[in-house]
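Structure first, commentary second.
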Amino acid sequence: MAPLLEVQHLKKYFKTPRGMLHAVDDVSFTLDAGKTLGVVGESGCGKSTLGRTILHLTDATDGKILFEGRDITYPTRRELSQLRQNMQIIFQDPYSSLNPRMSVSETIMEPLKLSKKYSKAEMIERTKELMATVGLAERFWNIYPHELDGGRRQRIGIARALALGPKFIVCDEPVSALDVSIQAQILNLMLDLQEERNLTYIFITHDLSVVKYISDEIMVMYLGQVVEKAPSHELFRNTLHPYSKALLSAIPIPKVDAQRELIPMKGEVTSPINPRPGCRFTARCPYVEEKCHEPQVLEEIMPNHFVSCCRCREINEISETVKGRN
Amino acid sequence: MESNVLLEVKDLKVEYHTDETVVHAVNGVSLTLREGETLGLVGETGAGKTTIARTILGILPKPQGHVTQGEIIFEGRNLLELSEKEMRKIRGDKIAMIFQDPMTALNPIERVGDQITEAIRLHNKISHAEAVLRSMDMLEMVGIPKERYPEFPHQFSGGMKQRVVIAMALACNPKLLLADEPTTALDVTIQAQVLALMRDLTKRLGTSVILITHDLGVVASTCQSVAVAYAGEIVEYGTVYHIFNNPLHPYTKGLFDSLPDLDVSKKRLKPIRGMMPDPTNLPEGCTFCERCDYAMEICARKKPAVYEPEQGHTVRCFLAERRVTDGAFAGSAASEKVL
């Protein structure tokens, strides 16, 4: 079966006064229907831009996006409106992603209206269904977003994304602005919906514990590039890239006397403007060597486990005989 | 190991008055902080954490904010009875505060070094040149090269700005540091750096800290004692070992259950159902009653008192009362909940 989404060598550059900003630089992956790909990284690593580029909220600079086997990199207006019914997004901030002047029902009904496929009565019926699906009581029908708390607002965002029955949803930090007890409610809802409707998610977040919980596969990004990609538990059990290691070790664990050593990372993320060739993590990496300044490739070190680091085998003491499947 | 008590908050109540309603933000909070101790104040949005900190520092928004009851004893004096002039001497000198958002805590049109110098000169009678030297020392102490003294906040990254804010807060060597979500706006790797820095500096300078956060992971790695706030009350209070290894209040347990665990893969998280009660209209009984899985008939009628089922571990819950009276507490609690 062809994957639902295939992204090949996707690039997104932004022109800035100081040069080209490489927000997404040569990212490739495939995603099967009903699965979740987690994208993690720190601010500025290009994870949101990746999501937005796939949805054509910004145009790709180079590369290819295939949806259900069709090339959708440069769609016509007509194709795009078709596509948008199948691809949706849930935004991070439930406070600014809703129109303050539209009531709950109007917000959820808006995509139905725009699709011009439904009669008035059908729209009302569907909106009621959607509100029930995401757990919003009908008494919120005429309520405005400012009257609701973050968790309920995020439920509106989810209902709106589901309105046209999409196959694929980009979730851009959907729970980051929520309190933990509410966060768990929303995550469970998203998992339920995925099971019921066979939805495919790209789950963008900086919170590694959340991403492990929800994803089948995880992609770690650093300065626009994928540094490591592996199935979820494999990545956590057997972290190979120095950046992923440092990132994982920095998660505060809610246990007293957690037995763990913090891998210190010097300095901060360097500028994504006109980056030099070679590994972009060199400035902060404890293992940096001469050859790290050469361009790196994302190599399948173990089955399904891809790492972009020339010293990966050395650092992790993996013998040359262990290889990916190809 | 018992050191002197630095700060004692006794039965504090704070309300915000708006045109139509009264928001009961803090409802009878008591806390004790010893010298050199770091206390984690955890809770969700609207639990009253920030209001407690602002009350201690005397910077409640006016005219809405009103302290209706209680005392805040700091070094033997009740801060609530001091005049504005006296408070101004304490603020920034004896008690300093770090705010959540480093982007807005700094003056965008003043050089960062000058902002630190200003804080130093406000409380110390020293010459400008001496103050500049000291503020350069402070910058170096938080890991910023002193050459960056004349730069403006926009030239710093988020993590660097938070370091500047920490330098400024510690510049006068305060006795008490109120840190309100100091790392929430930062990435995890930067958060780890900033927390390590705060731990080192406060240890070296002997500063007591109240760390306000919603992140239990941050608390585990930074604090000695923990107060869990819910709807303006402290529902559970104890050492980190009490709270993390033997949480007794259903809300605290719920918080731990709703966190995704890195070591265990679960099919579904166990969220706390419902939401925090409206602070303008708090229920008569226990504030957590509606969301509680263990709620009993009495919980809706009567407010639970504070019980101390084990030395130094207090819980505001009727279940804890039973434990105290039954005396069967120690064994059963440990086996009941394995984190």
Side-chain angles (χ1 to χ4, degrees), chain A residues 40-45 135 148-152 175-189 191-192 195 206-214 222 232-233 236-237 243 246-258 260 262-271 284, chain B residues 42-47 143 156-160 183 185-193 195-196 213-223 226 239-245 251 254-276 278 291 339:
Chain A
V40 277
E42 297 178 89
S43 344
C45 74
L148 296 173
D149 62 284
R152 290 220 174 96
V175 295
S176 307
L178 307 176
D179 280 316
V180 278
S181 70
I182 308 296
Q183 171 177 312
Q185 293 176 1
I186 298 292
L187 285 174
N188 281 351
L189 171 68
L191 283 171
D192 291 342
E195 267 172 23
H206 66 276
D207 188 334
L208 286 139
S209 43
V210 168
V211 89
K212 182 190 177 198
Y213 169 67
I214 203 164
Y222 190 76
S232 183
H233 28 267
F236 278 82
R237 206 185 51 217
Y243 174 67
L247 194 63
L248 254 55
S249 83
I251 314 174
I253 288 186
K255 280 177 194 158
V256 211
D257 302 332
R260 202 172 45 146
L262 181 72
I263 300 167
M265 197 163 19
K266 319 170 265 187
E268 299 184 8
V269 179
T270 43
S271 166
R284 304 171 78 188
Chain B
V42 275
E44 299 179 81
T45 319
F156 286 70
S157 66
M160 287 297 226
T183 55
L186 308 174
D187 280 315
V188 274
T189 60
I190 309 297
Q191 163 169 294
Q193 290 175 359
L195 285 176
T213 179
H214 64 273
D215 190 333
L216 288 162
V218 170
V219 172
S221 66
T222 319
C223 304
V226 188
T239 66
V240 275
Y241 296 98
H242 290 145
I243 304 290
F244 282 77
N245 297 344
Y251 175 65
L255 276 185
F256 282 111
D257 283 342
S258 29
L259 291 174
D261 193 320
L262 279 177
D263 302 330
V264 190
S265 7
K266 283 185 269 185
K267 270 273 179 290
R268 284 287 186 280
L269 294 170
K270 200 167 157 275
I272 306 174
R273 63 195 148 89
M275 276 169 310
M276 204 181 284
D278 181 357
R291 306 174 74 183
L339 256 184

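Letters A, B, ... mirror the listed sequences (proteins, then strands); counts begin at 1.
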Give a yes or no on whether the backbone of B:G217 and the side-chain of B:D215 come within a donor-acceptor separation of less than 3.5 Å. yes
Go through the atoms of A:D149 and report whether side chain, backbone, both or neither lie under 4.5 Å from a heavy atom of chain B. side chain
Side chain from CB out, backbone as N, CA, C, O: work out which of these in A:L247 comes under 4.5 Å of a heavy atom of chain B, or both, or neither. both
Could you pull out all residues at least two apart from A:V180 that satisfy side chain to side chain contact (heavy atoms under 4.5 Å, CB included)? B:L255, B:L259
Let me know if B:V218 has heavy atoms under 4.5 Å from chain A in its side chain, its backbone, both or neither. both
For chain B, which candidate among A:L178, A:L187, A:D192 shows the most heavy-atom pairs at distances under 4.5 Å? A:D192
Has A:D179 got a side-chain atom pairing as donor or acceptor with B:E44's backbone, closer than 3.5 angstrom? no
Verify, without hydrogens or angle tests, whether B:T183 (side chain) and B:L186 (backbone) share a donor-acceptor contact under 3.5 angstrom. no
Based on non-hydrogen pairs under 4.5 Å, which of A:Q185, A:H206, A:R237 is most in contact with chain B? A:Q185
Under a 3.5 Å cutoff, is there a donor and acceptor pairing between the side chains of B:R268 and A:Y213? no
Under a 4.5 Å cutoff for heavy-atom pairs, which residue among B:I272, B:T189, B:L216 has the most contacts with chain A? B:T189
Are B:R291 and A:S181 linked by a side-chain donor-acceptor pair shorter than 3.5 Å? yes
Of B:S221, B:C223, B:S157, B:G158, the largest count of non-hydrogen pairs under 4.5 angstrom with chain A goes to B:S157
Given a strict heavy-atom distance threshold of 4.5 Å, which part of B:M276 is in contact with chain A: side chain, backbone, both, or neither? neither
